[in-house]
Amino acid sequence: MNRQRMDLLHDIFHRLYETFGPQHWWPADSPFEVVIGAILTQNTAWKNVRQAIGKLRERDLLQLDHLDAVPQEELATLIRASGYYNQKARKLKAFCSHVKHFWQSDLAAFLAQEAESLREELLGIFGIGQETADSIVLYAAHKPCFVVDAYTHRIFSRHGWVPEEITYQEMRSYFEEALERDVALFKEYHALLVRTGHLYCRKKPLCDSCPLGDYPVPNI
DNA sequence: CTCCAGAAAA
DNA sequence: TTTTCAGGAG
């Protein structure tokens, strides 16, 4: 395998880990709560998602059969703080409905299947795209699937480590082929990249104080 | 490419 | 006030 890439990825990880420490992802009390969070946080700040999940917890809706029984309109008002609430209410209902019909609401059994088939089945559910599917595979099913998000692409393309027009699949392979298949490593790596993107690799980048700021960034 | 949408930082 | 956000569907 590409030794250069392996060294680069490990060096970046250690720098970020030394800087930020463990991120304790995913912040949730159960696999189902991970799924809910993964859908609610789509293009939305996590602070808003926490408020929405708090509302669901108040009503004891952080269980699949409970959430499945709530009308979509009522669910939408409860998750209002997370934005796109009508879309996301429909997405949550679609997930519950799928597991209910195909797995008799046995979420643990659904998540226990082999990683690739789980990923493909997730992608067939309304509202679950590649990043959300991979987040669920990694943080709810605890299988080694590297999660790529907008920050990951932004950080790596800005440094010239990957081409700007790289696809999601190519980005995922870029990491999975160079890193050991370690679930804990994948969980921590993605969390650290999100932290870095959130704090420094913004649309208006703050390279001066960024822990990766001394890596060369080619002029565009 | 456009729509979905509220919250909090900038 | 404007920008940005742990994206995905049509």
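All chains are named by letter (A, B, ...) in the order of the sequence lines, taking the proteins before the strands, and each is independently numbered beginning at 1.
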Salt bridge check, A/Arg158 against A/Glu164: does any charged N sit closer than 4.0 Å to a carboxylate O?
no
Select from A/Ala45 and A/Tyr168 the residue whose nearest nucleotide in DNA chain C is closer to the 5' end of that strand.
A/Ala45
A/Arg202 side chain to A/Gly197 backbone, donor-acceptor under 3.5 Å
no
Rounded to whole angstrom units, what separation is found between the NZ atom of A/Lys88 and the C1' atom of C/dG7?
8 Å
So what does A/Leu40 hit on the nucleic acid, given a heavy-atom distance under 4.0 Å: a base, only sugar-phosphate, or nothing?
nothing
Have a look at A/Gly83 and say if it touches a base, only the backbone sugar-phosphate, or nothing, with a 4.0 Å heavy-atom cut-off.
base
Check this for me: does any side-chain nitrogen of one of A/Glu177 and A/Arg172 sit under 4.0 Å from a carboxylate oxygen of the other?
no
Nearest to the side chain of A/Lys203 - C/dT4, C/dA9, C/dG7?
C/dT4
Starting from P on C/dC5, measure out to CD on A/Gln87 and report it in whole angstrom.
21 Å
Whole-Å gap separating C1' (B/dA7) and NZ (A/Lys55)
14 Å
Stretch residues 186-199 of chain A: residues that reach within less than 4.0 Å of DNA chain C through a heavy atom:
A/Val194, A/His198
Is there side-chain contact between A/Phe95 and A/Asp68, with heavy atoms separated by less than 4.5 Å?
no
Earlier contact from the 5' end, DNA chain C, for A/Ala133 and A/Arg154:
A/Arg154
Give the C-alpha distance, both sets of side-chain angles, the deciding distance and a yes or no for side chain to side chain contact (heavy atoms under 4.5 Å, CB included) between A/Thr132 and A/Lys91.
CA-CA 12 Å; A/Thr132 305; A/Lys91 294 177 180 181; over 6 Å; no
Is there a donor in the side chain of A/Gln42 and an acceptor in the side chain of A/Glu131, or the other way round, less than 3.5 Å apart?
no
Ignoring backbone atoms, establish whether A/Arg80 has a side-chain N or O less than 4.0 Å from OP1 or OP2 of B/dC4.
no
Length of the line joining A/Gln42:CD and B/dC3:C1', which is rounded to integer Å:
14 Å
For atom P, what is the distance between C/dG8 and B/dA7, given to the nearest Å?
23 Å
Answer yes or no: is there a donor N or O on one side and an acceptor on the other, between the side chain of A/Lys88 and the main chain of A/Ser82, under 3.5 Å?
yes
Between A/Ser82 and B/dA5, is there a contact of a side-chain N or O with OP1 or OP2 at under 4.0 Å?
no
Residue pair A/Trp46, A/Val194: steps toward the side chain to side chain contact (heavy atoms under 4.5 Å, CB included) verdict
CA-CA 11 Å; A/Trp46 182 254; A/Val194 170; over 6 Å; no
Measure the distance from OH on A/Tyr84 to C1' on B/dC3 and round it to the nearest whole Å.
8 Å
Report yes if at least one side-chain N or O of A/Tyr85 is closer than 4.0 Å to OP1 or OP2 of B/dC4; otherwise report no.
no
According to the interplanar angle, ranging from 0 to 90°, do the rings of A/Phe146 and A/Tyr189 count as parallel (below 30°), tilted (30 to 60°) or perpendicular (above 60°)?
perpendicular
Show the distances under 3.5 angstrom between N or O atoms of the protein and N or O atoms of nucleotides 8-10 of chain B.
unit_1, atom_1, unit_2, atom_2, d
B/dA8, OP1, A/Gln51, NE2, 2.9

Length of the line joining A/Ile128:CD1 and C/dG8:C1', which is rounded to integer Å
11 Å
Nucleotide nearest A/Asn43 when distance is taken to its side chain, options C/dA9, B/dA5, C/dG8
B/dA5
Spacing of A/Ile39 atom CD1 relative to C/dA9 atom C1', expressed in whole Å
14 Å
Would A/Asp106 and A/Lys100 pass as an ion pair if we require N to O under 4.0 Å?
no
A/Trp46 CH2 to C/dT4 C1': how many Å, rounded?
18 Å
